[in-house]
Amino acid sequence: MRTRATWQDWFLTQAFPLWRTQGVDRQRGGFFEKLDARGHPVEEPRRTRVVARQLYVCATAQRLGWQGDTKDLLVHGLDFLLNRLRNPDGTFATSFDVHRGERNAQFDLYEQAFALFALAAVHESDRATFAQLPGIALSTLQRMRQGWQHAMGGFHESQPPQAPLRANPHMHLLEAALAWHRACQGDTNAWAELADEVTALALDHLLDAPSGLVTEWFDLDWRPLPGERGTEAEPGHQFEWGWLLMQWAMARPEHPRRTEALTAARRMIDLGEQLGVDPHRGVAINTLGTDGRWRDAHAKLWPQTERIKAWVTCAELADQALDHAEATRALSRATAATLTLLRYLAHPVPGAWHESLDAQGRWQTQDTRASSLYHIVYALETACQLGR
């Protein structure tokens with residue numbers, strides 16, 4: 001696709017050169033969280049999720065065509081992740097303030113998910129150099145199970161347990177489990193077990209059966225919270241959960257719930273498109289309810305990337321099934337979503353992007369977040385895999 005070539009060229013000639021220089025703190029370690037309107041670093045405490053996401057980007061750059069060496073960036077980021085952000089018990093901190101030298105050791109399930117995901121990406125990029133990472137990741141997972149395991153599946157987010165429980169960190173735990181299942185080439189049962197567990201949690205508790213949408217907020221028994229909060233759904237997460245359930249189904253072809261997961265995934269993606277994409281602006285909006293009514297019509301960048309991943313994978317599965325009409329439909333939607341994303345990437349600073357489009361179709365003035373590059377790169381990686 002010409003749109004994909006344009007996007008890939010943008011990453012290789014603008015985005016990665018910008019972030020591997022301006023986005024890396026060579027003096028104090030780690031990666032900067034944001035760049036300002038001139039492309040200069042913004043100083044904030046370094047969150048585990050952002051260090052982890054940037055490690056994924058560095059681990060993936062060569063697969064996307066980057067000709068230079070990235071091992072120095074991986075060593076740099078991994079040093080910060082393991083030596084500044086890792087707690088003595090094997091879990092990962094929420095953040096580290098490089099100016100004060102202080103670690104915020106609070107347990108956050110979202111941070112654990114991204115730390116595990118990054119370790120998988122780095123290990124897969126060079127198994128020999130980073131041979132220690134599978135053991136570190138397994139020890140983190142073991143500690144999570146010891147301290148925060150939920151009896152009905154998934155994890156609590158505090159001890160003693162407090163509501164709400166969230167779907168979002170579990171979505172990224174599924175992402176991390178699948179990444180490790182791939183990196184270990186299926187040799188480690190713990191990651192397949194985690195992926196199966198989170199998939200069952202999604203199908204049995206996170207999915208609102210009447211609407212077909214995944215909601216966000218739950219009580220301690222995995223029931224949606226009462227009131228409006230319990231009916232909140234994000235179009236971007238319909239695409240992302242749908243994509244992940246399809247990835248799980250491809251990784252677990254003999255599992256008895258494979259067909260059920262694929263059916264739920266396709267429905268999520270179709271509903272994300274039907275209910276969550278504004279035909280006038282061509283964007284996936286931020287939030288709606290299970291009744292289909294919009295609650296936040298602004299459109300962040302990241303849901304656009306998840307829309308691409310979902311439809312590219314739908315096309316891949318349709319190709320495998322020799323359903324040419326469905327493959328054509330899915331590719332058409334993936335192309336439309338890619339054209340939308342390219343609008344976000346047309347920023348005055350080459351290699352930066354617009355984070356959000358408001359309900360009136362105007363770009364919101366914001367710093368460029370390093371965390372968004374992971375979304376952009378993962379979508380590009382997914383698109384590049386189609387047809388290989």
Side-chain angles (χ1 to χ4, degrees), residues 1 3 167-168 170-171 174-175 178 198-216 224 231-250 257-297 299-341 375 378-379 382-383 385-386:
M1 296 189 300
T3 51
N168 192 8
H170 288 84
M171 181 181 70
L174 177 55
E175 180 179 45
L178 290 171
V198 178
T199 296
L201 178 71
L203 295 174
D204 294 339
H205 298 289
L206 308 184
L207 183 63
D208 176 66
S211 69
L213 298 169
V214 173
T215 58
E216 300 291 330
T231 59
E232 179 182 309
E234 297 187 15
H237 284 161
Q238 311 315 308
F239 294 125
E240 196 165 5
W241 270 110
W243 169 74
L244 281 166
L245 290 177
M246 289 189 292
Q247 295 294 320
W248 175 83
M250 289 189 282
R257 302 192 74 174
R258 180 180 187 273
T259 299
E260 179 187 359
L262 284 173
T263 299
R266 290 187 176 108
R267 189 178 182 199
M268 289 175 200
I269 293 165
D270 279 332
L271 288 169
E273 189 77 19
Q274 294 165 17
L275 302 176
V277 174
D278 181 355
H280 300 292
R281 290 175 294 157
V283 294
I285 64 158
N286 290 348
T287 313
L288 46 76
T290 53
D291 60 2
R293 296 181 182 179
W294 291 3
R295 295 183 182 175
D296 181 357
K300 294 178 181 177
L301 176 144
W302 71 262
Q304 321 315 319
T305 67
E306 301 308 322
R307 184 184 175 205
I308 295 167
K309 286 158 63 178
W311 284 117
V312 164
T313 306
C314 283
E316 181 180 359
L317 287 171
D319 272 339
Q320 293 174 5
L322 302 180
D323 187 342
H324 302 302
E326 175 59 24
T328 299
R329 180 181 83 102
L331 276 177
S332 174
R333 290 184 169 175
T335 300
T338 302
L339 289 170
T340 294
L341 178 64
H375 287 286
Y378 214 154
T382 303
Q385 290 170 352
L386 187 62

Worksheet item: If you look at every heavy atom in Ala330 and Ala315, which pair is closest and at what distance?
Response: CB-N, 3.6 Å
Worksheet item: Which residues satisfy the salt bridge (charged side-chain N to carboxylate O under 4.0 Å, His left out) test with Asp323, sequence neighbours excluded?
Response: none
Worksheet entry | Closest non-hydrogen atom pair, Gln238 against Ile269 | O-CG1, 4.2 Å
Worksheet entry | Residues in ring pair (Phe, Tyr, Trp, His ring centres under 6.0 Å) contact with Trp302, at least two apart in sequence or another chain | His237, His375
Item to complete: Kindly compute the distance separating NE2 (His324) from CZ (Arg329), expressed to the nearest 0.5 Å.
Response: 16.0 Å
Practice prompt. Enter the distance from Trp248:CH2 to Leu262:CG here, rounded to the nearest 0.5 Å.
Written response: 8.0 Å
Item to complete: Go through Leu244 and Glu175 one step at a time and tell me if the side-chain contact (heavy atoms from CB on, under 4.5 Å) criterion holds.
Response: CA-CA 7 Å; Leu244 281 166; Glu175 180 179 45; 3.9 Å; yes
Discussion item. Testing Leu288, Asp291, Leu207 one by one against Leu213 for a side chain to side chain contact (heavy atoms under 4.5 Å, CB included), which residue passes?
Written reply: Leu288
Worksheet entry | salt bridge (charged side-chain N to carboxylate O under 4.0 Å, His left out) involving Asp278 - partner list, sequence neighbours excluded | Arg281
Practice prompt. Calculate, to the nearest 0.5 Å, the distance between atoms CD and CG belonging to Glu234 and Asn168 respectively.
Written response: 7.0 Å
Worksheet item: Just checking, any donor-acceptor pair under 3.5 angstrom between side chains of Arg307 and Thr338?
Response: no
Practice prompt. Might you point out which heavy atoms bring Ala299 and Ala284 nearest each other, and give the distance in Å?
Written response: CB-O, 3.4 Å
Response to the item:
Val312 and Ala334 have their tightest heavy-atom pair at CG2-CB, 3.9 Å
Fill in: Point-to-point distance, once rounded to the nearest 0.5 Å, from OG1 of Thr231 to CG of Asp208
8.5 Å
Fill in: Heavy-atom closest contact (Leu206 atom, Ala167 atom, distance)
CD1-CB, 4.0 Å
Practice prompt. Please say whether the positively charged group of Lys309, taken as NZ for Lys or CZ for Arg, lies over the ring of Phe239, i.e. under 6.0 angstrom from the six-membered ring centre and within 45 degrees of the axis.
Written response: no
Practice prompt. Apply side-chain contact (heavy atoms from CB on, under 4.5 Å) to Arg333 and Asp270, showing your working.
Written response: CA-CA 11 Å; Arg333 290 184 169 175; Asp270 279 332; 4.0 Å; yes
Worksheet entry | Atom pair CD (Gln385) and CD (Glu316), whose distance is rounded to the nearest 0.5 Å | 7.5 Å
Worksheet entry | Gap between atom CG of Leu174 and atom CG of Leu201 - 0.5 Å precision | 10.0 Å
Practice prompt. Go through Leu317 and Glu326 one step at a time and tell me if the side-chain contact (heavy atoms from CB on, under 4.5 Å) criterion holds.
Written response: CA-CA 9 Å; Leu317 287 171; Glu326 175 59 24; over 6 Å; no
Item to complete: Check the pair Ile308 / Thr382 against side-chain contact (heavy atoms from CB on, under 4.5 Å), numbers first and verdict last.
Response: CA-CA 8 Å; Ile308 295 167; Thr382 303; over 6 Å; no
Worksheet entry | Minimum heavy-atom distance between Arg257 and Leu203, given as atom pair plus value | NH2-CB, 3.7 Å
